[in-house]
A.B. asks: 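One structure, pasted below without further comment.
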Number of protein chains: 2
Amino acid sequence: MMKYRRIPEETIRRMPRYLRAFSTLGGHGRGFLSSRQLADYLHLNPPQIRKDLSYFGDFGTRGVGYPVSQTAEQIRKILKLDVSQKAVLIGAGRLGTAIASYPGFAIFGFNIAAIFDNAPAKIGKKIAGLTIQDTARLAAIRSGDVHLAILAIPGEAAQTCADTLVQAGVRGILNLSPCWLRVPKRVKIVSIDLAMEMGTLPYYIK
Amino acid sequence: MMKYRRIPEETIRRMPRYLRAFSTLGGHGRGFLSSRQLADYLHLNPPQIRKDLSYFGDFGTRGVGYPVSQTAEQIRKILKLDVSQKAVLIGAGRLGTAIASYPGFAIFGFNIAAIFDNAPAKIGKKIAGLTIQDTARLAAIRSGDVHLAILAIPGEAAQTCADTLVQAGVRGILNLSPCWLRVPKRVKIVSIDLAMEMGTLPYYIK
DNA sequence: TTGTGTTTGTACTCACTTTCACAAGCTCAT
DNA sequence: ATGAGCTTGTGAAAGTGAGTACAAACACAA
């Protein structure tokens, strides 16, 4: 393994991609994937993949490639996705409902443990097998070991909701509302606004 | 204005953020915003914002800041968001429905012009004021000037659907399915898999 | 008109990230 | 055992982007 070097942020950002590639291309476990095959699939360059993976260990075999199930498991360990990660979902609107029933989270070991909403009409109803709870009771999650939250609510409520989540012990937030949240530095935020992400597309056309 | 320099990819990626910041912070038009104010809101450094904007012109006034409505309009021009951009939405499932009714697209000038799905049960029904059409008729959009598409369908169907879209003249795709699409180089893709984006969060916890 | 305070635009420097090139190491056929 | 053919791991080079520091320019008060 490479003698210690700081692991680039960008490398971390690519790790989930590698995990998905191994899951998708690797079929059901046995077998090997070369950096070339991975690169073709992910639209990256082979050396970049090799270097990224080598930051964490010598997972590959020269002349052969990377063993599918073993390497996938290693990446899960690195990303701490080898244990089921509980997350709460805030917002049972259309987007929240879509997320609750999206099977993609399971691949990464995420487990949506509870759903909250503040609309009285929704509280008590079930989506994806979970009963919608009142946002007012959000603080209660402190007792369980929930460190992740998905925020699928309109922008106005997002900041106060984030504050509550941080209070309740949440350490990572996937923010789908169109605003920038202020949180303590120990809390990690990933913000996605679909409309904004789309905002660059016309620039590249023609 | 700065003598010509290649505009960094990252600068382009930030432009929609600036546009949103001007829209959100700027209130209803008149007034100025300084790079400091923008930076506080967007969690960026003031010089970066100044440099980014200066690639496209001298929009600011020294000692004052950037005029809200004027600069917003300039950014819209740069990103080609000053004219309404038509987009088709493929997939009328839960995610598709959420997107169709998300008001955020309007801020960036996107106009969802049609919705397609291949499930017979859905075709003919209406969501967000639009009648769901059969995916088989996707090629028909060639006649209208639609250059953008939003892909909100399961992974298996995504590639063939993308092929059809490219055939039909689409030049930019917001891909929400968990796969990497193969398209001609002239077509720009923005891919987002919510589960995968969330995949880095546990790494940073503790 | 002059001085103070503020903010932009940008050259320069520094940091980070990607790509290249190749030695090291594995497999398999002969 | 040996050589041919691959593929990994990585130091060094190239490329890209971010941060610093400061001159230029504006507003406003005296």
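First the proteins, then the strands, lettered A, B, ... as listed; each starts at 1. Quantities reported herein were computed from a predicted structural model and do not represent experimental measurements.
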A.B. asks: Would the base of C:dG9 count as contacting B:K51 through its side chain, where contact means a donor and an acceptor less than 3.5 Å apart?
C.D. replies: no
A.B. asks: Is the phosphate of D:dC26, meaning OP1 or OP2, less than 4.0 Å from a side-chain N or O of B:T61?
C.D. replies: no
A.B. asks: What's the CG-P distance between B:L53 and C:dG9, to the nearest Å?
C.D. replies: 8 Å
A.B. asks: Counting only side-chain nitrogens and oxygens, does B:N45 get under 4.0 Å of the OP1 or OP2 atom of D:dG19?
C.D. replies: yes
A.B. asks: Would you call A:M198 and B:I150 a side-chain contact if the rule is heavy atoms closer than 4.5 Å?
C.D. replies: yes
A.B. asks: Counting only N and O atoms by type, is there a donor-acceptor contact under 3.5 Å from the side chain of B:K80 to the main-chain atoms of A:I205?
C.D. replies: yes
A.B. asks: Any carboxylate oxygen within less than 4.0 angstrom of a Lys/Arg side-chain nitrogen, looking at B:E197 and A:R20?
C.D. replies: no
A.B. asks: Under the 3.5 angstrom rule, does the side chain of A:T135 hit a backbone N or O of A:D117 as a donor-acceptor pair?
C.D. replies: yes
A.B. asks: Check DNA chain D against residues 34-44 of chain B and give the residues with a non-hydrogen atom under 4.0 Å, in numerical order.
C.D. replies: none
A.B. asks: Has the side chain of A:R62 got a donor or acceptor atom sitting under 3.5 Å from an opposite partner on the base of D:dT8?
C.D. replies: yes
A.B. asks: Under a plain distance cut-off of 3.5 Å, with no hydrogens placed, do A:T97 and B:R94 share a side-chain donor-acceptor pair?
C.D. replies: no
A.B. asks: Of the nucleotides C:dT19, D:dT10, D:dG17, which has the atom closest to the A:Q48 side chain?
C.D. replies: C:dT19
A.B. asks: Would you kindly give the CD1-to-P distance between B:I49 and D:dA18, to the nearest whole Å?
C.D. replies: 12 Å
A.B. asks: Between A:F105 and A:Y102, is the ring centre distance below 6.0 Å?
C.D. replies: yes
A.B. asks: If the cut-off is 4.0 Å, is B:R14 near the phosphate of D:dG17, judged by side-chain N/O to OP1 or OP2?
C.D. replies: no
A.B. asks: Just compare D:dG11, D:dG9, D:dT16 and give me whichever is closest to any side-chain atom of B:R6.
C.D. replies: D:dT16
A.B. asks: Closest approach to the side chain of B:V64, judged atom by atom: which nucleotide of D:dT8, D:dA27, C:dT8 is it?
C.D. replies: D:dA27
A.B. asks: Is the distance from OP1 or OP2 of C:dC26 to the nearest side-chain N or O of A:Y66 less than 4.0 Å?
C.D. replies: no
A.B. asks: Give B:P8 one of three labels, base, sugar-phosphate or nothing, depending on what nucleic acid heavy atoms sit under 4.0 Å from its own.
C.D. replies: sugar-phosphate
A.B. asks: Taking all non-hydrogen atoms of both residues into account, name the closest pair between A:P178 and A:D193 and its distance.
C.D. replies: CB-OD2, 3.5 Å
A.B. asks: Which listed nucleotide (C:dT8, D:dT7, C:dT18) is nearest to the side chain of A:E10?
C.D. replies: C:dT18
